[in-house]
Amino acid sequence: MTRRSYDIVIVGSGAGGGTVAQELSPLCREGVRIAVLEKGPKLRDEEFTGRELEMAQALYEDSGGFLTAEQTMTLAFGCAYGGSTAVYTGTSLLPPQRILERWNVPQLAIADVEQRARKFAEENNVHFLEDSLINENNRLFVEGCRGLNYRVQQFPVNLKGCRGSSLCNLGCPNQAKQGTNRVQLPRAESNGVEVITRCEVLRIGEKTIFARVHAKPAGGKGEPSSWETGDYQIDAQVIVVCAGAVNSPALLMRSGLARKLSRLGHGFTCHPAIIMVAEHNRAITNFVGHPKSFYLDQFAESDRFLLETCMYFPFITAKAMAGFGKEHSRFMQAFARLQMILVLACDEVSAHNRVIIDGAGRTSVHYRFTPEVMRGLVQGSITSAKIFFAAGAVRVHLPVAQFPTIERAESERLDQIAEHPDFKPGKLSISAAHLQGGCAMGSGPRDSVTDAYGRVHGIPWLFVADSSLFPNSLEINPYLTIMALADRVAETIRKEARTLL
Amino acid sequence: MTVLSSVRPIFRAVVSTVVPEASQLDEQGWAELEALVEAALRDRPPAMQRQLRLFLWMIQWLGVFRYGRGFTFLNADRRTRLLFLLQDHRIELIRCGFWGLRTLAFLGFYGRAEAVQVIGYAADPRGWGVPR
């Protein structure tokens, strides 16, 4: 085993890890040695081809199909330089005040979080996409919503030089998305932070990390790691865990901390989502242009769902639709005429839903759909169908119906279906990409894993800085909030550098 | 030996039922489809690979119990009916098993460049810059 030594080691390079790396990087000028350990690869710009299967394999954990223990939902999270910021659509919303109030974390001032989120919005060029770059898939959503008097809103997005490839979720081939892979990590590296890719952290000991560097697989994408393949013991005065809501709690469990921290892994939420598809009688611009420009959140409080525009790729679309056979194929063959909406349920913390590890240390996510989540997904699907028809769709694919194809002339059936939905876990394709909780902030070890500054209770040198800090669902796209919380963690470490390092 | 080698005829019969256009594939098309599925299964645990084979054999025998002939010998209507039974089964584990199988069928079929072209999907890194 090779031994290395740093002052600060950051585990993960996504919205949390990238932010912490950038914000601590000025310390490098004072001689502080900082490393980021990233499990995934760093791809060269020309390797972002937009081809569905190869990019999913290169950029996501389990190719984006990480199955829950119940096998009724897949979780999509990035595993690459930049973490999930390499594969999101760049939608950038400020944390909602009502949610932060509900979290009620002592010393987590709402104004402070918002101010920091605004700082990163500015740094990442967050703005509204100009009207000429909005495609018909998005325009039809706006038209449908307005026709029904819904309060549709435009997403602010963190793009610079977007060419409208529509391939955001496969890693932007034009490097237009301002994720940590484009902004914070390169800045941190230029200030002296070392980023080691293909480096999987196995467990954490007393101020030390045990990690394994993997070889580049034959035919795989990305640069080889800057370290030799093999096992490492890395000593550090401060360790910041930013491996995401699945891997952060699992890593702390593998490190033997579940005995001290009874809430570790608990409180997992993820905005379970259904992809809705509708067919128009003419080709629309859908696979060109930014895929996610508008959203509808007016039902978040009352009916517990959000709607967002979206555009997915052939395999994901086929998987997302219910059923199979001729009806299914008919929608697929109409790909150029398809409009899509993503329905996300606003799930709440529930006792069953949590991250655990098995006897061999393998990570497992337990998640059951509560009646509220099922209701939210059904209501969201029905509302989406109404929006599709209001926008002129000729037929809608409604996965929560026994017979999913609903012709325009049958649209009055929608409310009946809402009364008697066919919601069978394991039959429906449900996926989630907003993974949150597992190392929640709070007041003490009885109700949480860390304090309001991400410091693990009782371990002054160990911090968490990612979406696992959320005590409950954020109910919006989470990345600016993650960056704001990670900024607080970095500031705490900077302030205490003399005693910690 | 690959994951599918012992169950290839059953797998092909299931894929052709899930995506009817697959029945038009030539041997090269099938090879491409199966290579994508094998690649997706390569990193999955051996237990999952065994479950997949077991599930496919269960489908074959279900045909015998229900219609007196193995799944691969049934006509398209009967195959479809049988798979719908699995999709809607009251036991969640069976529904999940079928969901996994249909996902592999879609992955193999729509993961091919030719299928993408046929359905008219033409996303391009150049985005708005592509003349359409």
Side-chain angles (χ1 to χ4, degrees), chain A residues 48-54 57 62-63 65 67 70-72 74 132-133 135 162-167 170 172-174 176 283 285-290 311 313-326 328-329 332-338 362 402 422 424-429, chain B residues 14-22 36 39-40 42-45 48 51 76-77 79-81 83-84 86-113 115-130 132:
Chain A
F48 290 89
T49 60
R51 287 195 280 271
E52 184 175 11
L53 299 188
E54 69 178 49
Q57 190 186 23
D62 280 356
S63 300
L67 268 174
E70 293 78 8
Q71 303 187 28
T72 52
T74 51
S132 61
L133 296 176
N135 68 12
C162 175
R163 298 173 68 182
S165 74
S166 82
L167 298 165
L170 300 176
C172 180
N174 303 307
T285 47
N286 51 16
F287 52 71
V288 58
H290 185 262
M311 186 66 205
F313 322 104
F315 161 55
I316 289 289
T317 304
K319 181 181 104 168
M321 286 194 284
F324 59 88
K326 286 179 189 162
H328 185 282
S329 286
M332 288 303 291
Q333 281 161 11
F335 214 94
R337 302 196 296 275
L338 295 185
R362 284 182 297 252
Q402 174 73 31
D422 183 39
K424 291 194 185 85
K427 177 183 178 185
L428 279 173
S429 272
Chain B
V14 170
V15 173
S16 301
T17 313
V18 169
V19 189
E21 300 90 312
L36 292 170
R42 202 171 296 140
D43 297 331
R44 299 284 173 170
M48 188 182 275
Q51 284 163 10
D77 280 352
R79 285 179 183 177
T80 301
R81 249 176 281 159
L83 294 189
F84 269 119
L86 299 178
Q87 178 178 261
D88 278 302
H89 204 278
R90 62 191 169 82
I91 299 173
E92 186 177 290
L93 199 62
I94 292 179
R95 294 199 300 271
C96 289
F98 178 69
W99 182 87
L101 186 54
R102 91 190 248 291
T103 296
L104 287 173
F106 290 139
L107 180 144
F109 189 82
Y110 292 110
R112 295 173 313 116
V116 166
Q117 204 176 3
V118 167
I119 63 174
Y121 175 79
D124 188 298
R126 293 167 295 169
W128 293 111
V130 177
R132 291 174 200 274

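Order of the sequence lines sets the chain letters (A, B, ...), proteins ahead of strands, with each chain counted from 1.
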> If you round to the nearest 0.5 Å, how far is NZ of A:K424 from CD of B:Q87?
Replying inline: 8.5 Å
> Quick one: are the ring centres of B:F98 and A:F324 less than 6.0 Å apart?
Replying inline: yes
> Which heavy atom of B:G111 sits nearest a heavy atom of A:L53, and at what distance?
Replying inline: CA-CD1, 3.6 Å
> If every non-hydrogen atom of A:A318 is compared with every non-hydrogen atom of B:Y110, which pair is closest and at what distance?
Replying inline: CB-CD1, 3.6 Å
> Atom CD in A:Q71, atom CZ in B:R95: separation rounded to 0.5 Å?
Replying inline: 12.5 Å
>> Counting heavy-atom pairs closer than 4.5 Å to chain B, which one of A:L170, A:N135, A:T49, A:L67 comes out on top?
In response: A:N135
>> Tell me whether the rings of A:H328 and B:F106 are parallel (<30°), tilted (30 to 60°) or perpendicular (>60°).
In response: parallel
> Which bit of B:L36 is near chain A, if near means a heavy-atom gap under 4.5 Å: side chain, backbone, both or neither?
Replying inline: side chain
> Quick one: what part of A:D422 sits under 4.5 Å from any heavy atom of chain B, side chain, backbone, both or neither?
Replying inline: side chain
> For the residue pair B:P125 and A:N174, what are the closest heavy atoms and their distance?
Replying inline: O-ND2, 2.8 Å
>> Only pairs of heavy atoms separated by less than 4.5 Å count here; which of B:V116, B:L83, B:V130, B:L93 has the most with chain A?
In response: B:L83
> Where do A:L428 and B:W99 come nearest, in terms of heavy atoms and distance?
Replying inline: O-NE1, 4.0 Å
>> Tell me the closest heavy-atom pair linking A:L167 and B:A123, and the distance in Å.
In response: CD2-CB, 4.0 Å
> So what's closer than 4.5 Å to chain A heavy atoms on B:E21: side chain, backbone, both or neither?
Replying inline: side chain
>> With a 4.5 angstrom heavy-atom cut-off, is it the side chain or the backbone of B:R44 that approaches chain A, or both, or neither?
In response: side chain
>> Which one wins on heavy-atom pair count under 4.5 Å against chain B: A:R337, A:K319, A:R51?
In response: A:K319
>> Within the structure provided, determine whether A:L338 and B:Y121 are in side-chain contact (heavy-atom separation under 4.5 Å).
In response: no
>> Please classify the contact of B:A122 with chain A as side chain, backbone, both or neither, using a heavy-atom distance under 4.5 Å.
In response: both
> Of the backbone (N, CA, C, O) and the side chain (C-beta and beyond), which part of A:L133 lies under 4.5 Å from a heavy atom of chain B, both, or neither?
Replying inline: both
> Between A:T317 and chain B, which part of the residue has a heavy atom less than 4.5 Å away: side chain, backbone, both or neither?
Replying inline: neither
>> Quick check for you: among A:C172, A:P425, A:A334, which has the greatest number of heavy-atom pairs under 4.5 Å with chain B?
In response: A:P425
> Who among A:G323, A:G164, A:S166, A:G50 has the most heavy-atom pairs with chain B under 4.5 Å?
Replying inline: A:G323
> Taking A:M332, A:E70, A:M311, A:Q402 one by one, which has the highest count of heavy-atom pairs under 4.5 Å against chain B?
Replying inline: A:M332
>> Working note: A:K326 + B:T80, criterion side chain to side chain contact (heavy atoms under 4.5 Å, CB included); need CA distance, chi angles, decisive distance, verdict.
In response: CA-CA 10 Å; A:K326 286 179 189 162; B:T80 301; over 6 Å; no
> Between atom OG1 of B:T103 and atom CZ of A:F315, what is the distance when rounded to the nearest 0.5 Å?
Replying inline: 6.0 Å
> Non-hydrogen atoms of chain B under 4.5 Å away: do they reach the side chain of A:S63, the backbone, both or neither?
Replying inline: neither
> In terms of heavy-atom proximity below 4.5 Å to chain B, should A:E54 be classed as side chain, backbone, both, or neither?
Replying inline: neither
>> Shorter than 4.5 Å, heavy atoms on both sides: which option in A:A283, A:P173, A:G325 has the most such pairs with chain B?
In response: A:G325
> Backbone N or O of A:D62 within a donor-acceptor pair of the B:D43 side chain at under 3.5 Å?
Replying inline: no
>> Using a 3.5 Å distance criterion without hydrogens, assess whether the side chain of B:R126 forms a donor-acceptor pair with backbone atoms of A:R163.
In response: no
>> Heavy-atom cut-off 4.5 Å, strictly under: side chain, backbone, both or neither for A:A322 against chain B?
In response: backbone
